Each structure stands twice: as structure tokens, then as C-alpha cells.
J.: 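This is the structure I want to talk about, given as C-alpha cells.
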Amino acid sequence: MNTNLDLFPEDIRPHIIPSPKGDMYYKCLGCGAEYGIEELLYVCPACNQVLLIHDRNKDRLKAIPGETWQRIFDYRKMLKIPALKGIYRYHEFIGPSIPLESIIYLGEGHTPMIEANTVLQEKTGLKFYYKNDGQNPSASFKDRGMASALSSIKYLIDQGLVSKVISVCASTGDTSASAALYASYLGSQVKSAVLLPHKKVTSAQLAQPLGSGARVFEIPGVFDDCMKVVEHLSSSYPVALLNSKNAWRILGQESYSYEIAQDFDWDMDKKVVMVPIGNAGNISAVMNGFLKFYNIGIINKLPKIIGVQSEHADPVYKYYLEPDESKREFTPVQTQPSVAQAAMIGNPVSMPRVIQIAREYDAASGHKNVFVVQVKEQQIMDWQLTANQNGHITCTQGGECLAGMVQAKALNIVDENETVILDATAHAIKFSGFQDLYFKGELSDAYGISSDSQFINLPDFVSPDDPELIPSQEKPLGSSQFQEFVKDVSKKIAIRLGL
Ligand SMILES: *Cc1c(COP(=O)(O)O)cnc(C)c1O
Ligand SMILES: [Zn+2]
């Protein structure tokens with residue numbers, strides 16, 4: 001695709017189209033060992049800890065002033081190059097070693113931020129936005145990380161370093177949907193296999209990987225059990241792991257923070273970013289993204305970060321309950337059923353990342369700036385329904401975010417001078433099964449939720465009283481009868497609507 005660079009201001013012209021100038025490497029969070037990105041690697045071969053990816057050449061980014069970076073990203077919005085239309089608008093911060101030819105773009109990123117209406121702002125006493133990550137291609141934020149992970153695999157394939165990759169992941173649903181979608185785009189180069197907990201994902205979540213042509217395996221147990229099998233597979237066989245152990249996914253998910261910064265015109269003063277926590281990859285990425293922009297001077301304030309967990313899956317919340325850092329000890333929890341099913345994780349893979357990055361984040365902020373709150377299942381459902389009945393399309397995890405915001409306000413962690421950005425991590429329709437059960441009063445007792453009549457919404461059946469006026473496939477109505485039918489049903493609807 002031709003790009004007429006003459007249209008861009010001269011001083012930023014050399015930077016508009018990025019070239020791979022980074023020197024990326026894996027670094028172990030346990031022993032600090034470093035490894036090249038030319039191999040498929042998920043945990044440290046020496047100590048088995050998770051990894052993060054860094055850029056040895058990152059100081060070159062400091063040579064460009066923060067305000068110039070802002071203009072580069074603003075002008076990049078005008079580009080028509082597919083590789084730079086998604087998360088790789090921020091190429092230097094996401095995949096600085098990846099050439100544009102290896103980048104996969106399926107429409108991810110740049111999801112809209114929707115300001116809550118006055119009803120919701122008055123009800124909560126806070127100004128807030130939902131960032132609709134359910135508007136990504138597979139309808140969850142996981143596409144951000146998957147675009148990055150699959151681009152890195154394509155890069156290795158293009159370099160002739162690997163071939164015929166088999167990718168595997170365990171999933172509460174959205175990871176597998178996303179992994180299967182992105183892998184299927186690479187055709188025969190990548191075959192994807194996904195492991196799901198049997199009967200623990202919604203039918204829509206099962207349909208997605210099946211529809212993308214992935215091999216789907218259902219395993220008895222919960223997500224944490226599937227994860228153990230995937231870990232065993234990845235350490236025993238030559239497969240590409242696409243769970244959030246994969247450090248490339250963290251890089252891709254950092255785009256969420258970059259977009260928030262850009263959408264607020266780089267002003268992060270008095271901003272609060274709330275995310276639900278499951279495996280804790282997303283909150284790690286969100287903190288890391290803001291830190292990177294802050295360190296280069298693209299933003300001059302770090303927003304407050306608040307993680308949210310359900311009381312039915314709250315190991316990260318419990319960890320931070322201990323105020324004395326030296327006494328904190330991480331203990332996995334046994335999860336209870338949660339409508340925020342995508343976050344129902346008792347032993348988060350990215351816990352070491354959270355601990356390290358949150359410490360850096362607080363230090364860079366000069367004060368405590370990362371918080372975790374806990375909410376009840378009832379609040380998750382009630383706030384999700386309230387949000388969606390006011391113009392949003394949020395999933396249960398997004399409901400958890402709003403419930404968390406209300407909780408954070410009650411605890412004085414946020415106040416009315418701040419603006420909150422909530423993560424609607426998936427689209428409402430992916431989790432409509434829970435809405436259905438709530439409306440019918442059929443959620444099992446294990447959730448601890450009772451259906452509040454003010455939210456219940458069920459279809460109203462309207463039919464003529466006279467059986468002769470009811471149309472059926474076998475016995476079509478005559479034209480005068482049909483007119484009677486139309487009149488009768490219209491009248492009944494008009495009465496019920498109070499017309
Ligand atoms: C994966 C997921 C989460 C949890 O994110 P983590 O990175 O695992 O903490 C929350 N909501 C949705 C919709 C998800 O798919
Ligand atoms: Zn190590």
C-alpha cells in the first residue's frame with residue numbers, strides 16, 4: 001500500500017512508518033536469566049518462573065521527546081497500512097523487533113470508550129467510561145494479546161526458525177476463541193488445539209473455537225486443571241503455548257493502556273483504570289503499558305489502577321489485604337462458582353508479574369497507586385444489568401468492574417474528582433447465559449445470587465383469545481381473519497404499553 005509521506009509534518013516523517021529497531025529478549029522474573037526470542041519459550045528453563053519481554057535498545061526511544069511521540073501516534077491514525085491499524089500503531093512499544101510483513105491484523109484494538117449516561121453517573125456519584133473491549137474481533141480483549149503472540153510466531157515462521165506450529169491453550173473460553181481465530185488466519189502454518197473445562201464454558205464460547213476449525217478438547221475439572229495439562233504438554237512436546245504464560249500476550253495487551261492515554265489526549269491526571277483480575281495477565285499488561293509511556297515521557301502522570309475480584313475467586317485481593325509488604329504471602333484459593341466466569345481463577349499464572357510490576361508502579365508514582373477490591377456475586381450481576389439497561393454492552397466481568405468502582409468509592413479509594421475507565425472485557429452476548437438464568441431465577445444457589453425484580457426482563461407472550469385467529473403453519477388464516485389477528489394483537493400490545 002502506498003503511503004504519501006509528504007502529507008506528514010517533516011520532523012516526524014522519518015518515524016511515521018516504524019522499522020524493526022528493537023532488540024527483544026525474554027527475562028525471567030525469578031532468577032533474572034535472559035533468553036533470545038528466536039525460540040518458543042514460556043517459562044524459564046532454569047527456574048520455571050514466568051517471563052517478561054524487554055527491549056535492550058529501549059533507550060533509543062528517549063531520544064524522541066514525549067510530545068513528538070504523541071504527534072507520531074496521532075498522525076499514524078491517518079495511515080492506511082493494515083499492519084499499523086491495530087495494536088501495532090504503538091509498534092516501538094509492543095513488538096519493536098517485528099517487521100511489518102509479519103504482523104497479523106484482524107481488526108483488534110482501538111475499541112471505543114463510551115461515557116456513562118447521567119442516570120449511571122448520578123447513581124454511582126462518579127464520572128466514568130466503559131472501554132468496550134468486547135468490540136474486538138472475537139469479542140474479548142484477548143485479541144490484543146493474541147495479535148501480538150501470533151505475529152511473533154509468524155515472525156519465527158517467516159525467518160525459517162520454526163515451521164508447522166501446533167499451538168495449545170487452556171481457557172475459560174475467551175482465550176481459546178481468540179487463539180483459534182488468529183491461528184486459523186495463518187492457515188496450515190499453525191494448527192490450534194484448545195482445552196476447555198467440560199461444561200464450564202458458555203455455548204457461545206465453545207462455538208467460537210469449533211467455528212474457527214480448532215481441535216477442541218474438553219477436560220473434567222475447572223480451568224486450573226486444564227492449565228496443568230497444557231503446561232505438561234508445553235514442557236513435554238514442541239508446541240506453542242498461547243496462555244498468558246506467553247509473554248507476547250502481555251505486550252499486546254499493553255495496547256489497552258496506550259489507547260486510553262491517546263483517547264484522553266495524553267492527560268492521565270485524576271484518571272482511574274479498573275480491570276477485573278483472573279489470571280492477572282491483563283492487569284500486569286495495563287500497569288506495564290502505562291509505566292512504559294510514563295518512562296519515555298509520553299504521559300506525565302500514572303493513572304490509579306484498581307483490580308477487581310469476586311469473593312468467589314479472590315486470591316489477589318487476599319494477597320494485598322496484608323498491608324506489610326514483607327509479610328505478604330501468596331496462597332491460591334479454591335474457587336466457588338462465579339458469573340464472572342472468565343475471571344474465576346484460584347491460582348493466577350501472572351501473580352509474579354503483578355507483584356513485581358505493581359511494586360514498580362507504586363515506586364514510579366511516588367505513592368500507593370495500585371489497589372485491589374473485592375465484590376459480591378450479587379453486585380456483579382446487578383451492576384452488569386444496570387449498565388446494559390443504560391446503553392452499554394458489557395459482559396459479567398465488566399459488571400464486576402462497575403461493582404468494583406462502586407466498592408472503591410465506598411472505601412474512599414476513588415472520589416468524585418476522578419474519572420474512571422472500566423474495562424468491558426468481553427461482549428455481553430458471550431455471557432448472556434447468566435442473564436438468562438438470572439431473569440428466570442434459575443442461577444444455582446452456589447452463586448449466592450437472588451434475582452431482583454427491578455432488573456428482571458422476560459418476553460411477554462401476546463396472542464388472540466379466539467383460537468380461530470391464531471396463525472399456524474398447517475392452517476394459514478384467511479385475509480379477513482388475518483386482519484382481525486393483526487388488530488387484536490396490536491390492541492393488546494398497545495394496552496400493555498399504556499398507549
Ligand atoms: C481473560 C478474561 C478476564 C481475566 O483477565 P486476566 O488477564 O486473566 O486477569 C476477564 N474478562 C474476560 C472477558 C476475559 O476473557
Ligand atoms: Zn529463571
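Quick note: numbers below take in every heavy atom, side chains included, and nothing from hydrogens, waters or symmetry partners. Atoms within a ligand are numbered from 1 in the order they appear, just like the ligands themselves. These numbers come from a predicted model, not from an experiment.
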J.: Can you confirm whether or not the ring centre of Phe264 sits under 6.0 Å from the ring centre of Tyr129?
T.: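 Centroid distance Phe264-Tyr129: below 6.0 Å, so yes.
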J.: Go through the side-chain N and O atoms of Ser350 and Asn279 and say whether any donor and acceptor fall under 3.5 Å apart.
T.: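 On atom types as modelled, these side chains do not qualify, holding no pair under 3.5 Å.
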J.: Is there at least one pair of N or O atoms, one from Gly281 and one from ligand 1, spaced under 3.5 Å apart?
T.: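 Yes; the residue has a nitrogen or oxygen that sits under 3.5 Å from a nitrogen or oxygen of the ligand.
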J.: Out of His427, Gln397, Lys142, who gets a non-hydrogen atom closest to atom 14 (C) of ligand 1?
T.: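 Answer by nearest heavy atom: Lys142.
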J.: Report yes or no: is the cationic atom of Lys131 (NZ for Lys, CZ for Arg) under 6.0 Å from the centre of the six-membered ring of Tyr256, at an angle within 45° of the ring normal?
T.: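 Judged by the rule, Lys131 and Tyr256 form a cation-pi pair.
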J.: Just distances here: any N/O of Ala343 and N/O of ligand 1 closer than 3.5 Å?
T.: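 Looking only at distances, the answer is no, because the N/O contact criterion of under 3.5 Å is not met.
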J.: Using 4.0 Å as the upper bound for N to carboxylate O, is an ion pair formed by Asp133 and Lys142?
T.: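 So Lys142 does not pair with Asp133 through a salt bridge.
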J.: Applying a heavy-atom cut-off of 4.0 Å, say which part of Lys430 lies close to ligand 1: side chain, backbone, both or neither.
T.: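 Within the 4.0 Å criterion, Lys430 makes no contact with ligand 1.
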J.: Over 60° means perpendicular and under 30° means parallel, so tell me whether Tyr90 and Phe293 are parallel, tilted or perpendicular.
T.: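 Geometry flag for Phe293 against Tyr90: perpendicular rings.
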J.: Just jot down the ligand 1 atoms closer than 4.0 angstrom to any heavy atom of Asn282, in number order.
T.: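 Under 4.0 Å from Asn282, ligand 1 has these atoms: 6 (P), 7 (O).
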J.: Taking only heavy atoms of Asp174, which atoms of ligand 1 are found under 4.0 Å from at least one of them?
T.: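 Those of ligand 1 that fall under 4.0 Å from Asp174 are 12 (C), 13 (C), 14 (C), 15 (O).
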J.: Evaluate Asn279 for polar contact with ligand 1, using N/O atom pairs at a separation under 3.5 Å.
T.: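 Looking only at distances, the answer is yes, because the N/O contact criterion of under 3.5 Å is met.
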J.: If the plane angle is over 60° it's perpendicular, under 30° parallel, otherwise tilted; pick one for Phe431 and Phe434.
T.: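 Plane angle under 30°, so parallel.
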J.: Under 4.0 Å from ligand 1, counting heavy atoms only, is it the side chain of Ala342, its backbone, both or neither?
T.: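 Ala342 to ligand 1: contacts from backbone and side chain alike.
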J.: Do Arg56's NZ or CZ and the ring of Tyr25 fall within the cation-pi criteria of under 6.0 Å and 45°?
T.: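 Yes, Arg56 sits over the ring of Tyr25.
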J.: For Gln253 and ligand 1, does the shortest N/O to N/O distance drop below 3.5 Å?
T.: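 Not met; the criterion fails.
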J.: Knowing that exactly one of Glu92, Glu360, Glu254 qualifies, which makes a salt bridge (charged side-chain N to carboxylate O under 4.0 Å, His left out) with Lys292?
T.: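 Exactly one option meets the salt bridge (charged side-chain N to carboxylate O under 4.0 Å, His left out) with Lys292, and it is Glu254.
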J.: Is the closest side-chain donor-acceptor distance between Ser338 and Glu377 under 3.5 Å?
T.: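 Indeed, the side chains of Ser338 and Glu377 share at least one donor-acceptor pair under 3.5 Å.
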J.: Does Ala280 reach ligand 1 with a nitrogen or oxygen that is under 3.5 Å from one of the ligand's nitrogen or oxygen atoms?
T.: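 By distance alone, the answer is yes.
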J.: Can you list the ligand 1 atoms lying under 4.0 Å from a non-hydrogen atom of Ala426?
T.: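 Near Ala426, meaning under 4.0 Å from one of its heavy atoms, ligand 1 has 13 (C).
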J.: List ligand 1 atoms under 4.0 Å from Ile277, heavy atoms only on the residue side.
T.: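 The atoms of ligand 1 under 4.0 Å from a heavy atom of Ile277 are 9 (O).
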J.: Please report, to 10°, the angle around the Zn ion (ligand 2) from atom SG (Cys31) across to atom SG (Cys47).
T.: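 Rounded to 10°, it measures 120°.
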J.: With a 4.0 Å cut-off on heavy atoms, does Ser244 reach ligand 1?
T.: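 Heavy atoms of Ser244 never come under 4.0 Å of ligand 1.
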